[in-house]
K.L.:
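This is the structure I want to talk about, given as structure tokens.
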Amino acid sequence: MKLILAIIRIAKMQETKVALSDAGLPSFTAMAVLGRGKGHGDLEKAKEVNPQHHEFISDTPRFKSKRLITLVVTDDKKDLAVKTIIDANHSGKSGDGKVFVVNTIDSIRVRNGESGDLTLD
């Protein structure tokens, strides 16, 4: 089993949801998160738009609102899940997001105690 963690743009949430569902991966969790990468893209744009306010614009990148999607898939569906998320979110621009893949030891269904891959269907 693999835990897939994907950080994506808010504007891509609906497209990602539809893509995952169409790929046969409709079960996932999404939550609002704040974060930042190493880039200063918006900082440079802000300085270009308001050069007279350059001294008031912090050199530290601000946190941005993003969505964190989490889903657990069987090992054989890992590549499908990653490709689906990337295809739905790729624009070629900074801030498209990141996908992390983590090994998962087990999954237990609370309702009846079933465990393993069976709980993912």
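Heavy-atom basis, side chains included; hydrogens, waters and symmetry copies ignored.
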K.L.:
Determine, using the 4.5 Å side-chain heavy-atom cutoff (strictly less than), whether V73 and V99 are members of one ILVMFWY cluster.
P.N.:
yes

K.L.:
Please check if the side chain of D75 supplies one atom and the backbone of M1 the other of a donor-acceptor pair under 3.5 Å.
P.N.:
yes

K.L.:
Would the distance check show the side chain of T104 and the main-chain N or O of D106 forming a donor-acceptor pair, the cut-off being under 3.5 Å?
P.N.:
no

K.L.:
Using side chain to side chain contact (heavy atoms under 4.5 Å, CB included) as the criterion, point out the one residue from T16, I4, I7 that pairs with I69.
P.N.:
T16

K.L.:
Would you say the side chain of D79 lies within less than 4.5 Å of the side chain of K83, judging by non-hydrogen atoms?
P.N.:
no

K.L.:
Are the side chain of S65 and the backbone N or O of L34 linked by a donor-acceptor pair below 3.5 Å?
P.N.:
no

K.L.:
Side-chain donor-acceptor pair under 3.5 Å between D117 and T74, yes or no?
P.N.:
no

K.L.:
Given side chains that start at C-beta, do those of I86 and D96 come closer than 4.5 Å, heavy atoms only?
P.N.:
no

K.L.:
Does I8 offer a backbone N or O that forms a donor-acceptor pair with the side chain of N89 under 3.5 Å?
P.N.:
no

K.L.:
Starting at OG of S91, measure out to CZ of R9 and round the result to the nearest 0.5 Å.
P.N.:
5.0 Å

K.L.:
Looking at residues at least two apart in the chain, or sitting in another chain, which of them share a side chain to side chain donor-acceptor pair (under 3.5 Å) with T84?
P.N.:
none

K.L.:
Identify whether V33 and V102 are in the same connected component of the hydrophobic contact network (ILVMFWY, side-chain heavy atoms under 4.5 Å).
P.N.:
yes

K.L.:
Does a side-chain heavy-atom distance below 4.5 Å link F28 with T70?
P.N.:
no

K.L.:
Once side-chain contact (heavy atoms from CB on, under 4.5 Å) is applied, do any residues pair with T119, and if so which ones, sequence neighbours excluded?
P.N.:
S107, R109, E114

K.L.:
Say you draw a straight line from CG of L120 to CG of L71; how long is it, rounded to the nearest 0.5 Å?
P.N.:
9.5 Å

